[in-house]
Amino acid sequence: MFFTSLICLLLAQAPPTVEDTAQLTGVVSDVRLARAGDESLAVAKTALQSGDAISTGDESGAILHWRSGITVYLGAGSRIEVGSQAPVPTLTLNRGEVRITAGNAAGFKLITPLAEAAITRGIMRAAVSAKGERFWSESGTVSVRARELDARRRTRRSSIMTVGLQEPAERPAVQLKSGEQITILPGQGIQKPTRGDAAEWTLDVEKLKRAASANANRAYRDAVAQENINRGTTDTQAPPDAPDGANAGNENSTNTTTQVSTSTGVNLSLGNVLASSAAGSAGGLFTDANQNTLAGKLTVPYQNLPAGTTFAGNIHLITGQTSYTLKDVNLALSDGFLGNAPAGDLQYWSIGLGALPTGQITTGIGTGTGPTPNAIHVRGFDAYVVQLSQFGIPDPADPNPPPGQFYAVPGLVGQTPTNPNIQGAVPLTDSNAQFNQNATFALGQIALSKTPDNHPQVLLRRSDQDRKIIKDPGGNDNLDQVTANPDVTGFHDVPDPMFFPSLPTVKVPDRGPNALTNLPQYRNQHALQRAAITTVTAEGLSGYARRTGQTRFVIDGKIVDISGYKPR
């Protein structure tokens, strides 16, 4: 009786189900919204309601974001309908192609003419055409259930006249594991799962995000120009109520600033989904107007550029690193170094303070751990090293980034940047950073890799942002104050027709491992950093040490001793 009463009490006190909220966060070209029988051109930052239908033209695309952590990318020639948002957000795909990233606990349901698909914490693609339907689990597990009987069951049902013969109340679902794909053909039901590949899908998510960001940026500039025309002015002053950015998680926002990102702020492409990421990463699709300037001026000289020089462009994160190759160590496949990842792949680690983390660590810029962090206590210190198993933005130390991926991320503005916003850890901050002390933790302080001839590499890294922009309070870009990071080795003048179509060139920093001066050296690291480097090295070379008995290695002329280390 006591337990029955307790259960009833808990049920009575349980909070009511709160309906999730969806927002149209990005539009490209001809996107239309139908609501209550009326159809109009869709506008970014529109709050969506159950029953809304969104359709895209042949060269169009759209991006939707749910507050709970779901992002839907809609390809060209597609049509969707927004369904009920509680207890599970639901969407109907009538035609075309979508990519869905789900990081919420309730999951997400997609209804198509022939099937129902569900996913929780993963990435799913789906396509609907007159020829049939396809579903691919890009990451995680996707459950797919056919909505119609296949041909064999229909034949059996019509040919066997047995009294009381009934079909099962619910048809079994097919569970697609990561990488698996299925097709459903009209009248034939679900086909056998096969291995899927991104090349088989036409929706280019990165291209769509960049185009949506550029559209938002141009719309903001056009609004400013029109307001100036209305005022009879010729400067770039923004109207007082013009939004400086966009907040995909708040459909009622009218004057947000730095909460969303451009094309680099996407972290759902690797491994498990970062559960706590929402508008700032998974749904971050806009250029933040506070983080770029059309005609900002240098406040202090930079190299051969005097103060007052025009310094247009975006804020970028930047990384420099020193690589140490252990040439006397010849790795074997049985050593399992980096899980036998190919040469050149990086395994990123950072240093946290205090006890081992108990939950996921996120950084707000698309990097972090999985739901269960891979963390190791650093002996002799109240600290640990943790692997950034998710690295959803291009590494600034990579001299050859993917095309179109070298843009700004959110929250890097002001005297004290709010991003990378570290959640779930107390980071060891970088005292050598000029502007952003958390950037080194967020982009990895230590990395492991290996050469093509199977020698391990230990890389020491430090990161920062390439400039500081203080916007003119009156909105005049000509009066924006820009301070270039003196540690950046150089800037280049390059055209950027997508985000700055009105300018011939903008300032872009060097890329690659030598993009910053004062690179970290092992011999100059303090005791905690050296102990952390030893821990990461010991973890990576534990298989090699067991096979060969070698436990002492030379890095930067110093001996690193991993004897006594017990791998987990």
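We number each residue from 1, following the sequence as shown.
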| Q550/Y544 under side chain to side chain donor-acceptor pair (under 3.5 Å): CA gap, chis, key distance, verdict | CA-CA 8 Å; Q550 181 179 348; Y544 174 85; 2.8 Å; yes
For E133, the salt bridge (Lys or Arg N to Asp or Glu O under 4.0 Å) test, sequence neighbours excluded, returns none
Nearest heavy-atom contact between S137 and V142 is CB-CG2, 3.6 Å
- Message: Please check this pair: side chain of H377 against backbone of A383, looking for a donor-acceptor N/O pair closer than 3.5 Å.
- Response: yes
- Examine distances only and state if a side-chain atom of Q445 and a backbone atom of I351 form a donor-acceptor pair shorter than 3.5 Å. yes
Between V205 and R125, the two heavy atoms sitting closest are CG2-NH2, 4.0 Å
Do F108 and I100 have side chains that approach each other closer than 4.5 Å (heavy atoms only, starting at C-beta)? yes
Checking E539, Q347, Q387 against N374 for side chain to side chain donor-acceptor pair (under 3.5 Å), the one that qualifies is Q387
With sequence neighbours left out, the residues meeting side chain to side chain donor-acceptor pair (under 3.5 Å) with S143 are Q175
Say whether K468 and Q434, considering side chains only, have a donor N or O and an acceptor N or O under 3.5 Å apart.
-> no
Residue set satisfying side chain to side chain contact (heavy atoms under 4.5 Å, CB included) with R195, at least two apart, ordered chain then number -> E180
Between V88 and A106 the two heavy atoms that sit nearest each other are CG2-O, 3.8 Å
For the pair T362 (side chain) and G368 (backbone), establish whether a donor and an acceptor sit closer than 3.5 Å, ignoring hydrogens and angles.
-> no
- Steps toward side chain to side chain contact (heavy atoms under 4.5 Å, CB included) verdict (V72, L91): CA-CA 10 Å; V72 174; L91 199 70; 4.0 Å; yes
message: One thing to verify: whether R461 and D395 come together as a salt bridge, which I'm taking to mean a side-chain N less than 4.0 angstrom from a carboxylate O.
response: yes
All heavy atoms of S449 vs all of F337, minimum pair found to be O-CE2, 3.2 Å
Does the pair E116/R145 count as a salt bridge with the N-to-O cut at 4.0 Å?
no
Check the pair D335, R546 against salt bridge (Lys or Arg N to Asp or Glu O under 4.0 Å), reporting the backbone distance first and the verdict last.
-> CA-CA 8 Å; D335 296 335; R546 286 195 303 269; over 6 Å; no
CG (N292) and CG (N314) are apart, to the nearest 0.5 Å, by 4.5 Å
Assess, by modelled atom type and distance only, whether the side chains of H65 and T71 contain a donor and an acceptor separated by less than 3.5 Å. yes
Sequence neighbours excluded, the answer for side chain to side chain contact (heavy atoms under 4.5 Å, CB included) partners of S323 is T325, Q457, L459
Hits for salt bridge (Lys or Arg N to Asp or Glu O under 4.0 Å) against K450, two or more places apart or cross-chain, chain-then-number order -> none
Rounded to the nearest 0.5 angstrom, the CG-CD1 distance for L176 and I190 is 8.5 Å
Value for CD (Q360) from OG1 (T369), rounded to nearest 0.5 Å, stands at 5.0 Å
Worksheet item: Does any N or O in the side chain of W136 come within less than 3.5 Å of the main-chain N or O of G179, such that one atom is a donor and the other an acceptor?
Response: yes
Please report the C-alpha distance between L460 and I533 in whole Å, then the side-chain angles of each, then the deciding distance to 0.1 Å, and finally whether the side chain to side chain contact (heavy atoms under 4.5 Å, CB included) criterion is met. CA-CA 8 Å; L460 308 187; I533 295 166; 3.4 Å; yes
- Message: Please tell me whether D464 and N485 have a donor and an acceptor in their side chains that are separated by less than 3.5 angstrom.
- Response: yes
In terms of heavy-atom contacts, V378 and A532 come closest through CG1-N, 4.0 Å
By ring pair (Phe, Tyr, Trp, His ring centres under 6.0 Å), F135 pairs with (sequence neighbours left out) none
Taken in chain and number order and not counting sequence neighbours, the residues that satisfy side chain to side chain contact (heavy atoms under 4.5 Å, CB included) with D453 are T451, H455
R134 meets the salt bridge (Lys or Arg N to Asp or Glu O under 4.0 Å) criterion, sequence neighbours left out, with none
Check: W201/E138 side-chain N/O donor and acceptor closer than 3.5 Å
no
Sequence neighbours excluded, the answer for salt bridge (Lys or Arg N to Asp or Glu O under 4.0 Å) partners of R379 is none
Sequence neighbours excluded, the answer for ring pair (Phe, Tyr, Trp, His ring centres under 6.0 Å) partners of F491 is Y302, F311
Does one side chain, of N421 or Q423, offer a donor that lies under 3.5 Å from an acceptor on the other?
yes
By side chain to side chain donor-acceptor pair (under 3.5 Å), K109 pairs with (sequence neighbours left out) none
- Message: What verdict does the side chain to side chain contact (heavy atoms under 4.5 Å, CB included) test give for D556 and N524, after you've listed the backbone C-alpha separation in whole Å, the side-chain angles of each residue and the deciding distance to 0.1 Å?
- Response: CA-CA 10 Å; D556 197 19; N524 297 329; over 6 Å; no
Separation between OG1 (T483) and CD1 (I469), nearest 0.5 Å, reads 9.5 Å
Under a 3.5 Å cutoff, is there a donor and acceptor pairing between the side chains of S563 and T551? no
P396 and I318 have their tightest heavy-atom pair at CB-CA, 3.8 Å
- Note: D398-R511 ion pair, threshold 4.0 Å (strictly below): no
Rounding to 0.5 Å, atoms CG (L443) and CZ (F441) come to a distance of 11.0 Å
What do the steps show when you test L388 against S350 for side chain to side chain contact (heavy atoms under 4.5 Å, CB included), and what is the final call?
CA-CA 7 Å; L388 301 181; S350 289; 3.8 Å; yes
Ring pair (Phe, Tyr, Trp, His ring centres under 6.0 Å) filter on F435, not counting sequence neighbours, yields none
In this structure, OG1 of T534 is separated from CG of D561 (nearest 0.5 Å) by 8.5 Å
| task | Could you tell me whether the side chains of Q437 and D430 share a donor-acceptor contact shorter than 3.5 Å? | result | no
inquiry  = Looking only at the side chains, is there a donor atom on one of E97 and S78 sitting less than 3.5 Å from an acceptor on the other?
reply    = no
